[in-house]
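Heads up, the thing below is written out as structure tokens.
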Amino acid sequence: MFSSTSRCRIPHLHADSFRNDLFQAGILDEPSLRSAEGLMRWLTCKNQQLSQLSDAEWVTRSGKRAKTLTSALSKARKYNFFLGLDKQWMSEE
């Protein structure tokens with residue numbers, strides 16, 4: 001669920017912005033995440049963790065308007081892609 005514009009709506013991601021966010025968060029400094037396979041495993045695991053959050057937990061952590069979040073959550077659940085809903089997961093262990 002990638003977008004061609006850097007000002008995309010959640011849950012979409014802009015590839016260049018996403019790569020920059022990963023770099024700025026220090027995620028790519030981790031030696032085990034420097035390979036494509038390691039990074040993909042880690043991102044898949046994070047996405048799986050995010051998929052387990054309830055709608056109420058998403059409302060609490062996102063601060064988005066309910067209507068906007070409901071639509072984004074519906075799309076994220078449909079495509080099983082949660083990385084674009086917020087950036088908090090980049091700083092969580």
Spacing of CG belonging to L22 relative to CG belonging to L33, to within rounding of 0.5 Å: 9.5 Å

Should we say atom CZ of R9 is surrounded by more than 12 heavy atoms from elsewhere, each under 6.0 Å from it? no

For L73, which of D55, L53, I10 qualifies under side-chain contact (heavy atoms from CB on, under 4.5 Å)? D55

Should we say atom CZ of R34 is surrounded by more than 12 heavy atoms from elsewhere, each under 6.0 Å from it? yes

Under 4.5 Å between side-chain heavy atoms, counting indirect links through other Ile/Leu/Val/Met/Phe/Trp/Tyr residues: same cluster for F23 and W89 or not? yes

Testing the basics here: between M1 and P11, what is the closest heavy-atom pair and its distance to 0.1 Å? CE-CG, 3.1 Å

Shortest non-hydrogen contact between A25 and M90, atoms and distance: CB-CB, 4.0 Å

If you take all heavy atoms of S54 and E57, which pair is closest and at what distance? N-OE1, 2.7 Å

Just checking F2: does its CZ atom have more than 12 heavy atoms from other residues, nucleotides or ligands closer to it than 6.0 angstrom? yes

Extract all donor-acceptor atom pairs below 3.5 Å that involve side chains of residues 79-87 and protein atoms in other chains or at least two apart in sequence.
unit_1: D86; atom_1: OD1; unit_2: R61; atom_2: NH2; d: 3.4
unit_1: D86; atom_1: OD1; unit_2: Q88; atom_2: N; d: 3.3
unit_1: D86; atom_1: OD2; unit_2: R61; atom_2: NE; d: 2.6
unit_1: D86; atom_1: OD2; unit_2: R61; atom_2: NH2; d: 3.2
unit_1: K87; atom_1: NZ; unit_2: D21; atom_2: OD2; d: 2.9

Nearest atoms (heavy-atom pairs only) where S6 meets S17: CB-OG, 3.8 Å

So, K75 side chain and H12 main chain: donor-acceptor pair closer than 3.5 Å or not? no

With rounding to the nearest 0.5 Å, note down the distance linking CZ in R77 to OG in S51. 8.0 Å

Under 3.5 Å: donor-acceptor pair, side chain of S74, backbone of T70: no

Side chain proximity check, M40 to T44, heavy atoms < 4.5 angstrom: yes

Shared hydrophobic cluster for F18 and L28 (ILVMFWY, side-chain gaps under 4.5 Å): yes

